[in-house]
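Beneath this line is the structure, given in structure tokens, with notes to follow.
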2 protein chains.
Amino acid sequence: MNLKEFANRLELSQTTVSRALSGYPEVKQATRERVLKAALEYGYRPNTSALGLATGRVGAIGIVLKGGGEFGPHTSEFMGGLGGRLQQEEIDILVSTVDSPEAELATYRRLAASKRVDAIILHSPFLDDPRIALLNSLRLPFIVHGRTNSDGNFGWLDIDNFGAVRQSTSHLLDLGHRRIALLNGYRGRIFAEHRQDGYQTALSARGVTIDPDLCGHGEFTDEMGFP
Amino acid sequence: MNLKEFANRLELSQTTVSRALSGYPEVKQATRERVLKAALEYGYRPNTSALGLATGRVGAIGIVLKGGGEFGPHTSEFMGGLGGRLQQEEIDILVSTVDSPEAELATYRRLAASKRVDAIILHSPFLDDPRIALLNSLRLPFIVHGRTNSDGNFGWLDIDNFGAVRQSTSHLLDLGHRRIALLNGYRGRIFAEHRQDGYQTALSARGVTIDPDLCGHGEFTDEMGFP
DNA sequence: CTGAAAGCGCTTACAG
DNA sequence: CTGAAAGCGCTTACAG
């Protein structure tokens with residue numbers, strides 16, 4: 001059912017129905033309630049494409065997943081949390097998978113040109129990340145999950161990698177341990193650098209010399225745990 | 001850049017440009033090449049919302065993820081494979097997360113009414129799955145990942161759970177083992193039933209009595225491996 | 001082989 | 001407080 005038909009049934013104009021549904025203030029309370037009730041009853045919902053065309057908002061935020069290793073449990077968990085919140089606003093997550101950095105950039109171009117999403121979540125950033133410059137130039141709103149050294153005025157969110165590892169390392173030192181290994185992510189990832197810093201800071205504070213052999217870098221897999 | 005502006009630059013009508021881009025046969029070869037080249041150069045792509053409104057196709061297929069346990073590595077892997085194939089057609093995956101079966105049904109209603117996706121991937125079906133009847137009644141095209149006993153004429157894809165477990169059980173029997181445990185999924189899940197059947201078939205074929213204590217049902221987590 | 005124009009289903013100034 | 005109508009950016013009969 002479309003707006004025209006729905007409005008006809010209510011014997012109201014499309015204008016008034018649209019305004020009632022969108023919460024505009026100039027609709028009479030009684031009218032609004034009648035419309036809201038009928039929408040539930042008939043299951044009417046505005047067509048997303050039409051809405052997107054008229055307003056410029058499509059109600060979806062994009063996330064690009066790399067086919068390979070990035071697609072781990074962290075991504076799942078993050079998407080679960082993100083989706084839970086977005087659900088409240090009836091916003092969905094648009095996932096595009098790619099198999100190379102070039103394909104990822106091409107995907108951002110495609111998403112921007114076709115106006116497929118309202119914003120992007122950029123995750124697992126590099127110290128200096130070309131994706132940020134691209135997104136900026138495309139004027140595609142985005143937020144970064146993780147930290148980076150890239151320039152520009154953009155929002156990001158991250159956990160305190162430095163603090164977490166410094167604190168846990170200190171804790172082990174408190175317990176009397178001295179040979180403490182750090183299983184870290186790939187070098188170049190900023191979170192890995194921060195963890196390394198936290199680790200070194202804690203060790204240095206106690207005068208423990210760092211043994212490079214105890215610092216591993218790589219994928220976060222069970223296998224990587226076995227040197 | 002929109003079609004109007006793009007067509008103006010080429011000094012062609014929107015009609016011809018649209019047809020050239022969509023691969024309609026009635027466009028002169030030279031014209032088509034000129035359009036295709038310019039599209040790449042200017043980065044023109046049709047607005048998805050407009051395209052969806054005009055054609056009824058939105059270029060996205062939906063998948064609903066339950067916030068809890070379903071969101072494991074299997075889902076990630078499946079989405080990775082799915083996305084890789086869809087990428088070739090520039091189709092994206094629209095993910096909605098829910099936290100209850102009711103919310104999942106409500107989401108299908110929302111996706112259908114707002115015409116947000118072209119089709120749905122239904123995963124982890126139950127023996128008798130109410131989602132299938134709903135999707136049918138909503139006339140939302142879908143395919144089932146996994147098997148079910150539900151009625152109706154619909155497509156599904158699955159691995160041979162019965163054969164896989166029968167064969168691996170037989171293999172262990174061949175090696176001389178007799179106390180073989182089966183760490184299975186939840187009862188009621190059809191894949192779990194099939195695996196159970198495969199297990200029992202293999203054991204019965206050798207006259208080995210089944211010990212219910214060796215059959216675990218639950219989440220596929222490390223913790224579940226410890227009785 | 002090409003183009004003018006209607007139509008897809010909404011929103012939102014503008015008018016009352 | 002309500003409505004008629006233009007406009008969002010495409011596709012596609014229809015006409016030539």
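Below, read A as the first sequence line, B as the second, and so on, with proteins coming before strands; counting in each chain starts at 1. Just so you know, these numbers come straight off a predicted model, no measurement behind them. When reading the values below, keep in mind they use all heavy atoms of this one structure, side chains included, and skip hydrogens, waters and symmetry mates.
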Query raised in the report: Between the base of dA4(D) and the side chain of S13(A), is there any donor-acceptor pair under 3.5 Å?
Result: no
Query raised in the report: T16(B) side chain N/O closer than 4.0 Å to the phosphate oxygens (OP1, OP2) of dT2(C)?
Result: no
Report task. Just need the stems in DNA chain D: three or more back-to-back Watson-Crick or G-U pairs, each with both distances under 3.5 angstrom, sorted by first number. Result -> C:1-3 with D:14-16, C:5-12 with D:5-12, C:14-16 with D:1-3
Query raised in the report: Which of these, F191(A), W156(A), F78(A), sits in a ring-ring contact (aromatic ring centres under 6.0 Å, His included) with H145(A)?
Result: F78(A)
Report task. Rounded off to whole Å, could you give me the NZ-to-P distance for the K115(B) and dG9(C) pair? Result -> 8 Å
**Report entry** Rounded distance in Å - CG (L3(A)) to C1' (dA6(D))
**Finding:** 15 Å
Report summary line: The residue, Q29(A) or M1(B), whose nearest nucleotide of DNA chain D is more 5′ is Q29(A)
Query raised in the report: How long is the line joining CD of E26(B) and C1' of dT12(D), in whole Å?
Result: 10 Å
Query raised in the report: L10(A) has an atom CG; how far is it from atom C1' of dT2(D), in whole Å?
Result: 14 Å
Query - Q167(B) atom CD, neighbour heavy-atom count above 12 within 6.0 Å - result: no
Report summary line: Hits for ring pair (Phe, Tyr, Trp, His ring centres under 6.0 Å) against F142(A), two or more places apart or cross-chain, chain-then-number order -> F154(A)
Query raised in the report: Of all residues at least two apart in sequence or in a different chain, which pass the ring pair (Phe, Tyr, Trp, His ring centres under 6.0 Å) check with H194(A)?
Result: none
Report summary line: In whole angstroms, the gap separating P of dG9(C) from CZ of R116(B) amounts to 17 Å
**Report entry** Pairwise distance NE2(H123(B)) to CG(D158(B)) - rounded to 0.5 angstrom
**Finding:** 13.5 Å
Report summary line: Separation of dA5(C) atom P from Q14(B) atom CD, nearest Å, is 12 Å
Report task. Nearest whole angstrom, please: distance from the P of dT12(C) to the CZ of R19(A). Result -> 10 Å
**Report entry** Interatomic distance, N8(B) CG vs dG9(D) C1' [rounded to whole Å]
**Finding:** 14 Å
Query raised in the report: Who are the ring pair (Phe, Tyr, Trp, His ring centres under 6.0 Å) partners of Y186(B), not counting sequence neighbours?
Result: none
Query - Below 4.0 Å: OP1/OP2 of dT11(D) and any side-chain N or O of S18(B) - result: yes
Query raised in the report: For residues N184(A) and R195(A), is any side-chain donor paired with an opposing acceptor at under 3.5 Å?
Result: no
Report task. Check whether any side-chain heavy atom of E33(A) sits under 4.5 Å from a side-chain heavy atom of K37(A), and report yes or no. Result -> no
Requested in this report: Please state the C1' separation for the pair dT12(D) and dG16(D) - nearest whole angstrom.
Outcome: 16 Å
Query raised in the report: By a strict heavy-atom criterion of less than 4.0 Å, which residues belonging to residues 30-58 of chain B are in contact with DNA chain C?
Result: T31(B), L53(B), A54(B)
Report task. Sequence neighbours left out, what passes ring pair (Phe, Tyr, Trp, His ring centres under 6.0 Å) with F6(B)? Give chain and number order. Result -> Y44(B)
